[in-house]
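One structure is given below, encoded as structure tokens.
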Amino acid sequence: EAVLAPKTSCGSLCHHHQLFINFQDLGWHKWIIAPKGFMANYCHGDCPFSMTTSLNSSNYAFMQALMHAVDPEIPQAVCIPTKLSPISMLYQDNDDNVILRHYEDMVVDECGC
Amino acid sequence: QTFQFQEHVFLQFLGLDKVPSPQKFQPVPSVLKKIFRDQEAAATSGDSQDLCYIKDLGTRGNILRLLLDQGLFLYSEKLPQASSCLQKQLYFNLSAIQDKEQLTMAQLGLDLGPNTYYKQGPELELALSLVQEPHVWGQSIPKPGKMLVLQSVPWPQGVVHFNLLDVAKDWNSNPQKNLGLLLEILVKGTRDWGVNFQLQDTCARLRQSLHASLLVVSLNPEQCHPSSRRRR
């Protein structure tokens, strides 16, 4: 029988944290034409057993949380990105060439255990 | 210290070896702006998209570079033909293209300036050839090699495009072969064109407004897996 995980406050549960990096703060606005900044979102928070049935968690996370509840030696399931989106960057290099590059899986949109 | 290191890693990720310090921003061609805006809109709306296909150019690729011409105008006392208007060496530095990238497009753009310059539009003839021998100092113009383009431009307007993918691929795999191109612009039909000074005036304006650039599209196989075959 699973040991009920101690009640944890919602804030410490696994979720998506927004973080916007303004290229001007780094002095990169002098060579990056667009965008003006970058959404460096990240995933952070606990994945206790009680949560794995509610959040968009994988079956593996459910089993690992169950195992952790039974034997705390087994680490908890981890909080990772479950939905990512690409970005494009328009910048100028040292030869004054204008470059446009697409990068996939750069921005974290959703997190899960 | 740490920031310097992180910055270096980020620059490498962008394919740069040091922080660029441009004097001024180059004008961004409308096609790049459109591709960028469409890409941003798709990412924001969450539409799935093929990052490695450039719809507006109809080619695969995820890195677009607009390379500026670094060649010089050539002046020779005796112009090869009375109607020769200008001669210019065009040179594009491809060294920023990494070995693992596959070239999928190389489009030369010659901006001859708006046709409002020309009251009575002359007929121009563009001759573009490869420079295959190093330029010998003292020699007025490099010896032209293989002719790539010989084309009339009935009314100079905006940008004229030429596909140079095979040439760029050759230069990219053999950088020492990249000696640039020789561009010659002749004015046709000068006979019935009245006095000479109009020819001079047109050539001076052409020299002033000519702007050459090479749009190179490449595919980084580490970021772009071969296009998955459509499931039947």
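Lettering of chains follows the sequences in order, A, B, ..., and the numbering in each one begins at 1.
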Is [X] atom [atom1] crowded by more than 12 heavy atoms from other residues, nucleotides or ligands, each under 6.0 Å away?
X: A/Glu73; atom1: CD; result: no
X: B/His161; atom1: NE2; result: yes
X: A/Asn59; atom1: CG; result: no
X: B/Lys55; atom1: NZ; result: no

With a 4.5 angstrom heavy-atom cut-off, could you sort out which part of A/Met39 is near chain B: side chain, backbone, both or neither? neither
Select one option (side chain, backbone, both, neither) describing which atoms of A/Tyr103 are under 4.5 Å from chain B's heavy atoms. both
Greatest number of non-hydrogen atom pairs under 4.5 angstrom with chain B, of A/Asp105, A/Val98, A/Ile87, A/Val107, falls to A/Val98
Supply the atom-to-atom distance [X] [atom1] to [Y] [atom2], rounded to the nearest 0.5 angstrom.
X: A/Leu90; Y: B/Gln39; atom1: CG; atom2: CD; answer: 12.0 Å
X: B/Arg37; Y: A/Ser88; atom1: CZ; atom2: OG; answer: 12.5 Å
X: A/Tyr91; Y: B/Phe25; atom1: OH; atom2: CZ; answer: 13.0 Å
X: B/Leu16; Y: A/Asp93; atom1: CG; atom2: CG; answer: 6.5 Å
X: B/Ile63; Y: A/Met89; atom1: CD1; atom2: CE; answer: 12.5 Å

Give, as side chain, backbone, both or neither, the part of B/Leu51 having an atom under 4.5 angstrom from any heavy atom of chain A. both
Go through the atoms of B/Ile54 and report whether side chain, backbone, both or neither lie under 4.5 Å from a heavy atom of chain A. side chain
I'd like to know if the side chain of A/Asn97 reaches the main chain of B/Leu68, judged simply by a donor and an acceptor atom lying under 3.5 Å from each other, with no hydrogens or angles considered. yes
Is a side-chain N or O of A/Gln92 found less than 3.5 angstrom from the main chain of B/Lys24, in a donor-acceptor match? yes
Minimum heavy-atom distance B/Ala43-A/Ser85, with the two atoms named: O-CB, 4.4 Å
Give me the atom names and distance for the closest heavy-atom approach of A/Asn94 to B/Val19. OD1-O, 3.7 Å
Would you mind reporting whether B/Ile35 and A/His102 have side-chain heavy atoms less than 4.5 Å apart? yes
Would you indicate whether the side-chain heavy atoms of A/Arg101 and B/Arg65 approach each other to under 4.5 Å? yes
With a strict 4.5 Å heavy-atom criterion, list every residue of residues 26-35 of chain A that contacts chain B, or say none. A/Leu26, A/Trp28, A/His29, A/Lys30, A/Trp31, A/Ile32, A/Ile33, A/Ala34, A/Pro35
Set out, in order, the CA-CA distance, both residues' side-chain angles and the distance that settles side chain to side chain contact (heavy atoms under 4.5 Å, CB included) for A/Asp95 and B/Gln70, then state yes or no. CA-CA 10 Å; A/Asp95 288 320; B/Gln70 300 175 1; 4.2 Å; yes
